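The structure under discussion appears below in the form of structure tokens.
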Amino acid sequence: MKYNPGEIEKKWQAYWEKNKTNKTEDFSEKQKYYCLDMFPYPSGVGLHVGHFKGYVATDIVARVKRMQGFEVLHPIGWDAFGLPAENFAIKTGIHPEITTEKNIENIKHQMKIAGLSYDWDREINTTDSDYYKWTQWIFLKLYEKGLAYKKLLPINWCPSCKTGLANEEVVDGKCERCGAETTKKDIEQWILKITAYADRLLEDLETLDWPDRIKEMQKNWIGRSEGWEIDFGIKDTGKTVTVFTTRADTLFGCTYIVLAPESDIVTDLKDKISNWEEVSGYIEKTKNKSDLERISEVKGKNGVELKGVKAINPINGKEVRVFAADYVLASYGTGAVMAVPAHDERDFEFAIKYDLPIIEVVRPRSGESDISESAYVQDGFLINSDTFSDMDSESARKAIGESLKDEGFARERVNYKLHDWPFSRQRYWGEPIPIIHCDKCGMVPLEEKDLPLTLPHVDKYEPTGTGESPLAAIETWVNVKCPKCGGMAKRETNTMPQWAGSCWYYLRYLDNNNDKSLVNSEKEKRWMPVDLYVGGAEHAVLHLLYSRFWHKFLYDIGVVSTKEPFQKLRNIGLVLAHDGQKMSKSKGNVISPDSVVDEFGADTLRVYEMFMGPFDQAIGWNEQGVKGVNRFLGRAWDMVIQSESVAESSSEMISETNKLIKKVSDDLEKMKFNTPIAFFMEYVNFVYENKNDFGKDSAEIFVKLLFPFAPHICEELWQLLGEKGLISEQEWPVCNEALVKNDKIVLVVQVNGKVRDRMEFDSDIDQERAEEAVKNSEVIAKWIGGKEIKKVVFAKGKLINIVV
RNA sequence: GCCGCGGUGCUGGAAUCGGCAGACAGGACGGACUUAAAAUCCGUUGGGCCUAGCCCGUGUGGGUUCAAUUCCCACCCGCGGCACCA
């Protein structure tokens with residue numbers, strides 16, 4: 001009988017589906033394990049082999065955990081709101097609902113032919129009104145707690161998608177989606193107060209088993225810095241300008257202050273500014289620059305002095321000049337900085353350009369600094385700083401800050417790079433925001449009983465570009481009675497961004513049909529947190545930050561019982577095309593899993609994706625490698641079939657089999673998938689050399705171990721071996737150390753650290769006897785050559801090194 | 001510029017509580033089977049030389065050690081992220 005994947009895979013997929021083999025019980029005696037994939041966007045082109053690398057890995061973990069006696073939750077769903085379906089609708093007039101449904105069908109089929117063991121009864125779809133009812137519910141709670149507010153703000157605007165974007169969605173000054181250059185636009189926006197959670201988002205990173213890289217990225221993105229707010233009085237006005245600094249120790253070196261051109265502080269001082277025309281011209285110029293222009297002008301500082309305005313340094317009462325310059329950002333800190341050219345590179349550059357004084361106030365304790373050449377930005381000890389001279393930078397920061405605080409000129413302050421999250425989009429295909437605007441009552445949230453607020457059908461999907469979504473054109477929908485006063489009112493027409501539905505979807509799998517609450521709290525306590533979360537690294541500061549924020553909020557209002565949603569996170573390395581390029585439709589180098597399944601079978605696809613290399617590394621697809629894996633599975637098939645003619649395994653074979661159990665189990669625990677497959681291959685090679693030693697007892701164990709990787713072939717072999725029940729229901733083998741033969745070992749013999757021989761001994765040999773034997777060996781005697789032995793190093797069971 | 005990760009044969013990679021570098025796979029070459037091809041099976045495959053043997057070899061240079069791909073220092077290169085954040 002030959003290995004025929006096409007036949008057996010169909011057979012077992014049908015069987016598993018019909019018998020709901022992979023169904024998860026909500027509550028059982030078993031320990032829980034929640035194994036989650038980042039759910040896909042159901043795009044029209046379907047999934048490629050890169051997506052499956054992640055799905056196969058979690059599927060292997062899920063199957064192993066089931067065999068190890070865990071109750072495993074391994075669900076999947078669809079993150080189906082988003083631009084591609086909407087853009088397709090604009091072009092063709094076909095409603096996104098229809099395209100989405102079709103695409104889901106296709107992807108579901110792809111997943112099923114790959115033998116992924118999802119519990120399909122828990123499928124969710126973010127565009128179902130039963131689902132987004134709860135997305136809207138969370139929004140209302142955020143609103144209720146003051147964490148969602150509407151504000152007129154200059155936000156990132158994509159002129160091509162005609163919608164506002166969050167900072168996280170702008171990459172290099174371009175729209176993350178379409179690549180168009182973004183501009184700033186003043187729009188009234190819904191904003192979520194993610195900054196209220198900045199500290200907790202930062203601190204709790206420590207508790208997570210996530211890749212360093214992702215933690216680091218979130219840390220940088222949150223960008224916490226501790227410092228002082230210091231008030232500079234403006235001479236003859238009674239007004240003050242507050243600056244933020246992390247370097248209060250350099251305050252004596254401040255020779256001017258700089259304001260962000262677009263900040264209100266500048267216009268506030270208009271009366272005092274003698275060159276207002278020049279200044280306002282500079283402000284206008286800055287405002288009209290795109291993000292991209294501003295980024296590209298990073299080098300080459302320029303600005304304008306506010307003539308007639310002088311600020312007073314509160315530490316020494318000295319008058320300093322005041323500038324406006326676009327290297328100071330209105331959106332960070334107070335929008336104003338104290339400039340210390342001797343100890344800040346940017347201030348140094350600016351001071352050189354405008355010929356401003358440079359006063360040195362910090363010197364290194366050891367080494368040299370030359371502030372006529374460049375700024376010295378590190379810590380050191382203070383000079384030219386009155387009574388603070390001679391102090392270390394660190395203590396001086398505190399001392400100077402405290403002394404100003406006592407006089408009412410300074411406050412301790414923590415700043416973040418993280419900004420609040422602009423949450424409204426001027427597009428159609430998203431969750432409607434459940435708010436009504438009434439002239440009399442202002443903003444009125446819908447009541448929970450009125451949810452879901454369903455997305456109405458429209459005739460035109462085209463975004464308006466005016467800051468309103470296409471929903472604004474549907475008068476029957478927009479015009480409503482105010483729930484409070486009964487007067488005429490209008491619905492909010494903006495929709496939620498892509499990320500909304502994915503912020504909490506992992507909770508809905510626990511209880512996907514609940515129409516009373518978001519999730520039953522018993523179920524939530526049973527299953528949270530997610531034990532393993534697998535997905536691409538591209539979501540490092542988007543989905544992963546947003547959903548942590550929502551989760552913490554849900555924790556605060558008592559919906560969830562854990563502080564963090566995803567305990568352990570692992571990233572998938574990209575699957576590249578054969579040439580090392582990224583797979584893309586335009587390059588025509590995309591490999592679809594369907595074609596691989598068609599030609600070689602799902603088990604080959606699965607094992608190859610895992611065998612390619614380390615899971616988190618980007619590696620190119622290699623058709624020959626796929627064939628190699630297929631060859632291996634064929635050999636394994638024949639090997640197991642042949643085992644029936646052998647009565648029982650030899651003790652050596654049993655030993656090898658137990659070693660295999662140990663190695664495969666250990667590596668899987670470490671999320672290593674490529675090395676277990678290498679062990680399987682070695683094992684198969686060994687069996688081929690010792691065919692008469694390989695009996696059914698060993699074959700059973702081999703098949704169990706391989707099952708999570710290649711479920712179809714193993715289920716079939718299990719049956720062919722005449723075993724009862726499904727292999728899916730078997731227990732994971734445990735290594736019996738007693739059966740592992742290790743009475744003989746090969747000792748590496750070195751002379752002066754170089755390998756000269758290998759000798760076989762009993763495994764418990766001690767140094768004395770080994771030394772004796774080694775000295776008597778001809779090969780080694782030759783190397784020692786009568787020289788004096790200085791030292792003998794003995795590593796038990798491994799190596800002996802004679803130093804002469 | 002700053003932060004993070006990495007650099008091993010022709011290729012993907014294996015081996016890091018310091019202890020046989022190159023497991024496993026692919027490719028290439030040689031052979032068996034075949035009328036032939038595919039498939040399958042077997043063998044060889046880091047470089048060099050005075051070829052039963054020895055020397056060199058894990059980005060580069062140095063260090064620690066009986067022993068370094070593994071630890072330390074400096075540097076080079078690649079990838080990813082952030083980027084006027086005061």
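Computed from a prediction, not measured in an experiment: that's the story for all the values here. Basis for what follows: all heavy atoms, side chains included, without hydrogens, waters or symmetry-related copies. Lettering follows sequence order; numbering is per chain, from 1.
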Practice task
With P as the reference atom in both, quote the distance from B:C24 to B:C42 in angstrom, rounded to an integer.
Solution key: 13 Å
Exercise for the section: Would you indicate, yes or no, if B:A25 has its OP1 or OP2 atom less than 4.0 angstrom from a side-chain nitrogen or oxygen of A:N622? Expected result: no
Exercise for the section: Would you sort out whether A:E216 and A:R213 count as a salt bridge (charged side-chain N to carboxylate O under 4.0 Å, His left out), showing the intermediate values? Expected result: CA-CA 5 Å; A:E216 202 59 35; A:R213 185 165 63 112; over 6 Å; no
Practice task
Measure the shortest side-chain to side-chain distance between A:I789 and A:K775 over non-hydrogen atoms and say whether it is less than 4.5 angstrom.
Solution key: yes
Practice task
Please work out if A:Q750 contacts a base, only the sugar-phosphate, or nothing of the nucleic acid, heavy-atom cut-off 4.0 Å.
Solution key: base
Problem - P atoms of B:C66 and B:G18, separation to the nearest Å - result: 15 Å
Problem - A:R224 and A:D199: CA distance, side-chain angles, deciding distance, salt bridge (charged side-chain N to carboxylate O under 4.0 Å, His left out) verdict - result: CA-CA 8 Å; A:R224 182 182 204 272; A:D199 262 327; 2.8 Å; yes
Practice task
Taking only the side-chain nitrogens and oxygens of A:K417, find out if one of them lies under 4.0 Å from OP1 or OP2 of B:C84.
Solution key: no
Practice task
Check every strand shown and say whether A:V755 touches a base, only sugar-phosphate, or nothing at a heavy-atom separation below 4.0 Å.
Solution key: sugar-phosphate
Exercise for the section: Name the residue closer to the 5' end of RNA chain B, choosing between A:V629 and A:G613 according to the nucleotide with the nearest heavy atom. Expected result: A:G613
Handout entry: Distance below 4.0 Å between A:Q617 side-chain N/O and B:G13 OP1 or OP2
Key = yes
Handout entry: Counter-base of B:A86, judged by Watson-Crick or G-U geometry with both distances under 3.5 Å
Key = none
Practice task
Indicate, with a heavy-atom threshold strictly under 4.0 Å, whether A:R213 touches base, sugar-phosphate, or nothing.
Solution key: sugar-phosphate
Exercise for the section: Remember a base hit wins even if backbone is also touched, and classify A:F632 as base, sugar-phosphate or nothing at under 4.0 Å, heavy atoms. Expected result: nothing
Problem - Separation between the P atoms of B:A39 and B:C82, rounded to whole Å - result: 46 Å
Exercise for the section: Take atom P in B:C72 and the same atom in B:A21, then report the distance between them in whole Å. Expected result: 22 Å
Problem - Below 4.0 Å: OP1/OP2 of B:A86 and any side-chain N or O of A:Y327 - result: no
Exercise for the section: Give A:I619 one of three labels, base, sugar-phosphate or nothing, depending on what nucleic acid heavy atoms sit under 4.0 Å from its own. Expected result: sugar-phosphate
Problem - Rounded distance in Å - CZ (A:R413) to P (B:A86) - result: 13 Å
Handout entry: Any-strand Watson-Crick or G-U partner of B:G9, both distances under 3.5 Å
Key = none
Practice task
Report yes or no: do A:T242 and A:D231 form a side-chain donor-acceptor pair below 3.5 Å?
Solution key: yes
Exercise for the section: Considering just the side-chain nitrogens and oxygens of A:N685, establish if one lies under 4.0 Å of OP1 or OP2 belonging to B:A25. Expected result: yes
Exercise for the section: Give A:G628 one of three labels, base, sugar-phosphate or nothing, depending on what nucleic acid heavy atoms sit under 4.0 Å from its own. Expected result: sugar-phosphate
Exercise for the section: Look at A:K219 and B:C2 and indicate whether a side-chain polar atom (N or O) is within less than 4.0 Å of OP1 or OP2. Expected result: no
Practice task
Report the distance from atom CD of A:Q642 to atom P of B:U40, rounded to the nearest whole Å.
Solution key: 16 Å
Problem - Toward the 5' end of RNA chain B, by each residue's nearest nucleotide, A:W221 or A:K2 - result: A:K2
Exercise for the section: State whether A:R631 places a side-chain N or O below 4.0 Å from either non-bridging phosphate oxygen (OP1 or OP2) of B:U40. Expected result: yes
Problem - Side chain of A:P614 (C-beta onward), nearest among B:C3, B:A14, B:G19 - result: B:A14
Problem - Who pairs with B:C2 - Watson-Crick or G-U, where each distance is under 3.5 Å - result: B:G81
Exercise for the section: Report yes if a side-chain nitrogen or oxygen of A:R635 is closer than 4.0 Å to either non-bridging phosphate oxygen (OP1 or OP2) of B:C41; otherwise report no. Expected result: yes
Problem - A:S225 side-chain N/O to B:A86 phosphate OP1/OP2 under 4.0 Å - result: yes
Exercise for the section: Inspect the surroundings of CD in A:E7 and state if more than 12 heavy atoms from other residues, nucleotides or ligands are less than 6.0 Å away. Expected result: no
Handout entry: Inter-nucleotide P distance (B:A86, B:G61), Å rounded
Key = 40 Å
Exercise for the section: Using a heavy-atom cut-off of under 4.0 Å over every strand shown, decide if A:R224 touches base, sugar-phosphate, or nothing. Expected result: nothing
Exercise for the section: Classify the nucleic acid contact of A:V337 as base, sugar-phosphate or nothing, counting any heavy atom under 4.0 Å across all strands shown. Expected result: base
Problem - P-based separation of B:C79 from B:G31 [nearest Å] - result: 43 Å
Practice task
State whether a side-chain donor-acceptor pair under 3.5 Å links A:K353 with A:N302.
Solution key: no
Exercise for the section: Determine the Euclidean distance between corresponding C1' atoms of B:G57 and B:A68; express it in Å to zero decimal places. Expected result: 14 Å
Handout entry: Nearest listed nucleotide, side chain of A:N674, among B:C55, B:G13, B:C20
Key = B:G13
Practice task
Give the nucleotide from the list B:C41, B:C24, B:G19 with an atom nearest to the side chain of A:E682.
Solution key: B:C24
Problem - Who pairs with B:U60 - Watson-Crick or G-U, where each distance is under 3.5 Å - result: B:A74
Problem - A:D667 CG - B:A14 C1' separation (whole Å) - result: 11 Å
Handout entry: Lys/Arg cation over aromatic A:F761: A:R769, 6.0 Å, 45° cone
Key = no
Handout entry: Syn/anti label of B:G9 as read from its glycosidic torsion, with the cut at 90° from 0
Key = syn
Handout entry: Side-chain H-bond candidate by donor/acceptor type, A:E169 with A:W499, under 3.5 Å
Key = yes
Fill in the blank from the handout: By the Watson-Crick or G-U definition, both distances under 3.5 Å, B:A28 is matched with B:U44
Exercise for the section: Could you measure between the two C1' atoms, the one in B:U70 and the one in B:U8, and give it in whole Å? Expected result: 12 Å
Completion exercise
Atom CG of A:L576 and atom C1' of B:U11 are separated, to the nearest Å, by 14 Å
Practice task
Could you check whether A:W783 gets within reach of a base, just the sugar-phosphate, or nothing at all, counting any heavy atom under 4.0 Å?
Solution key: sugar-phosphate
